[in-house]
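Quick note: residue numbers are just sequence positions, from 1.
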Amino acid sequence: MNDGVVKYRVEHTKTGSIDETLFASLQPLRRRLKELGLIGVKEGVGYGNISRRLSDGNFVITATQTGHLPRLDGDGYALITDYDEDSFCIKSKGAAKP
């Protein structure tokens, strides 16, 4: 199975938690999608990442392998600070990888 695997190259800088103001609007949506079974884990593979584009062009996304968690805090999100579609590479920071 190829799903549930990071399919891009990531240059991740491990930092502290992402500020709650960046992901607070995603929390109710993530909770509802989890209730509907659209975010979770099946046969050990997590699915259902969600993201939000920020006004500066960056975006915040749920961290990898967080589908089993009922609620996320700042450690459960990553901030994407740059990406290159041609090389399929992203740069991120946060407590966990995107």
Side-chain angles (χ1 to χ4, degrees):
M1 176 185 275
N2 201 11
D3 290 331
V5 179
V6 176
K7 298 177 183 174
Y8 48 85
R9 193 175 91 241
V10 60
E11 296 174 12
H12 184 74
T13 302
K14 191 163 179 91
T15 64
S17 296
I18 299 299
D19 188 286
E20 186 173 0
T21 60
L22 299 177
F23 65 84
S25 65
L26 287 174
Q27 293 288 68
L29 175 61
R30 184 183 183 279
R31 181 174 48 252
R32 181 67 178 136
L33 292 172
K34 186 146 180 63
E35 289 170 359
L36 292 170
L38 300 172
I39 293 176
V41 177
K42 184 175 182 177
E43 298 175 12
V45 178
Y47 60 90
N49 290 74
I50 60 173
S51 63
R52 173 180 174 245
R53 185 168 299 277
L54 305 173
S55 60
D56 61 4
N58 294 336
F59 61 96
V60 64
I61 187 168
T62 49
T64 188
Q65 301 302 314
T66 56
H68 68 287
L69 299 172
R71 186 174 192 292
L72 301 181
D73 59 15
D75 289 347
Y77 289 89
L79 181 65
I80 306 302
T81 59
D82 196 14
Y83 60 92
D84 183 337
E85 293 177 14
D86 294 330
S87 65
F88 216 47
C89 177
I90 63 170
K91 292 183 180 179
S92 65
K93 64 182 180 179
K97 290 181 179 182

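Residues Leu36 and Ile50 are members of one and the same hydrophobic cluster, defined by side-chain heavy-atom contacts under 4.5 angstrom among Ile, Leu, Val, Met, Phe, Trp and Tyr. Under a hydrophobic clustering in which Ile, Leu, Val, Met, Phe, Trp and Tyr are joined whenever their side-chain heavy atoms come within less than 4.5 Å, directly or via other members, Tyr83 and Ile61 fall into the same cluster. Val45 and Leu69 are not part of a single hydrophobic cluster, where members link through side-chain heavy atoms under 4.5 Å apart. Residues Ile18 and Leu29 are members of one and the same hydrophobic cluster, defined by side-chain heavy-atom contacts under 4.5 angstrom among Ile, Leu, Val, Met, Phe, Trp and Tyr.
Rounded to the nearest 0.5 Å, atoms CD1 (Ile90) and CD (Glu85) are 12.0 Å apart. Expressed to the nearest 0.5 Å, how far CG of Leu79 lies from CG of Asp56 amounts to 7.5 Å. If you take OG1 on Thr64 and NE2 on His12, they are separated by 11.0 Å, rounding to the nearest 0.5 Å. One distance of note links OG of Ser87 with OH of Tyr8; it measures 13.5 Å at 0.5 Å rounding. With rounding to the nearest 0.5 angstrom, the CG atom of Asn58 is 9.0 Å from the CG atom of Leu22. Atom NZ in Lys93 sits 6.5 Å away from atom OG1 in Thr15 (nearest 0.5 Å).
Residue Arg52 comes nearest to Thr21 through the heavy atom pair NH1-O, 4.1 Å, listed as atom of the first residue, atom of the second, then distance. The two residues Asn49 and Ala63 have their closest heavy-atom pair at ND2-O, 3.6 Å. Nearest heavy-atom pair across Val10 and Ser92 is CG2-OG, 3.5 Å. Considering all non-hydrogen atoms of both residues, Gly37 and Tyr47 come closest at O-OH, 3.1 Å.
Note: Phe23 and Tyr77 have parallel aromatic rings, judged against thresholds of 30 and 60 degrees for the angle between ring planes.
Side-chain atoms of Asp75 and Ser17 include a donor-acceptor pair closer than 3.5 Å.
A donor-acceptor pair is defined here as one N or O able to donate and one able to accept, closer than 3.5 Å; such a pair exists between the side chain of Gln27 and the backbone of Leu72. Distance alone, capped at 3.5 Å, places no donor-acceptor pair between the Lys34 side chain and the Gly40 backbone.
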